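Beneath this line is the structure, given in structure tokens, with notes to follow.
Predicted model only: the values in this text are computed from it and were never measured.
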Amino acid sequence: MQKLKKAIAKAIKDADSSWFNENYSKQADAVLQAIRAKGFVIVEAEATEAQVEAGREALTTGRYKPSEVVSKLYAVMVGAADK
């Protein structure tokens, strides 16, 4: 997490160098971009309907190892976070 923290700090510093009337939206966009660049995404604490639907559609009938189920669900639900 330390690398991510440094990336966020750098994004804020680089996004807006004004002394007064800082553009916080610009800083926030830079932070979100830095987070994505490091391979992270931010998701709600509870799954959205789109995420639940993506998880449901990802699982076809058949036998799965528990680790396969969790990995597949996690990937598709995180991928559906922006929807």
Side-chain angles (χ1 to χ4, degrees):
M1 281 295 186
Q2 194 62 23
K3 288 182 182 182
L4 181 58
K5 183 178 178 180
K6 286 182 180 182
I8 290 170
K10 184 177 181 337
I12 292 169
K13 180 182 176 189
D14 293 348
D16 190 1
S17 60
S18 62
W19 289 91
F20 300 102
N21 300 318
E22 293 90 352
N23 186 337
Y24 295 115
S25 291
K26 185 176 178 183
Q27 291 175 5
D29 288 339
V31 168
L32 292 173
Q33 185 177 9
I35 289 169
R36 284 187 200 106
K38 291 293 181 183
F40 290 87
V41 295
I42 298 173
V43 297
E44 294 88 353
E46 288 196 29
T48 64
E49 285 187 37
Q51 289 172 307
V52 171
E53 185 62 29
R56 190 171 32 239
E57 289 176 4
L59 294 178
T60 57
T61 58
R63 295 179 60 127
Y64 295 95
K65 293 180 184 176
S67 59
E68 291 173 342
V69 172
V70 172
S71 295
K72 182 71 169 178
L73 285 176
Y74 183 81
V76 298
M77 291 177 79
V78 168
D82 287 335
K83 296 179 182 172

Check: residues 28-39 side-chain donor-acceptor pairs under 3.5 Å, at least two apart:
none

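- Under the side chain to side chain donor-acceptor pair (under 3.5 Å) criterion, Lys10 pairs with Asp14, not counting sequence neighbours.
- Other members of the cluster containing Tyr24 do not exist, because no ILVMFWY side chain is joined to it at under 4.5 Å.
- Residues forming a side-chain contact (heavy atoms from CB on, under 4.5 Å) with Val70 (at least two apart in sequence, or on another chain): none.
- Taking hydrophobic clusters as Ile, Leu, Val, Met, Phe, Trp and Tyr residues chained together by side-chain heavy-atom distances below 4.5 Å, Leu4 does not share a cluster with Val43.
- Not counting sequence neighbours, the partners of Glu53 by the side chain to side chain donor-acceptor pair (under 3.5 Å) test are Arg56.
- Checked against side-chain contact (heavy atoms from CB on, under 4.5 Å), Ala58 has the following partners two or more places apart in sequence or in another chain: Lys72, Val76.
- The cluster map of Ile, Leu, Val, Met, Phe, Trp and Tyr, joined by side-chain heavy atoms under 4.5 Å apart, puts Ile42 and Val78 in different clusters.
- With a 4.5 Å cut-off on side-chain heavy atoms, Glu68 and Lys65 count as touching.
- Of all the heavy atoms in Ala47 and Met77, the pair that sits closest is CB-CE, 3.6 Å.
- Annotation: side chain to side chain donor-acceptor pair (under 3.5 Å) contacts of Gln27 (sequence neighbours excluded): none.
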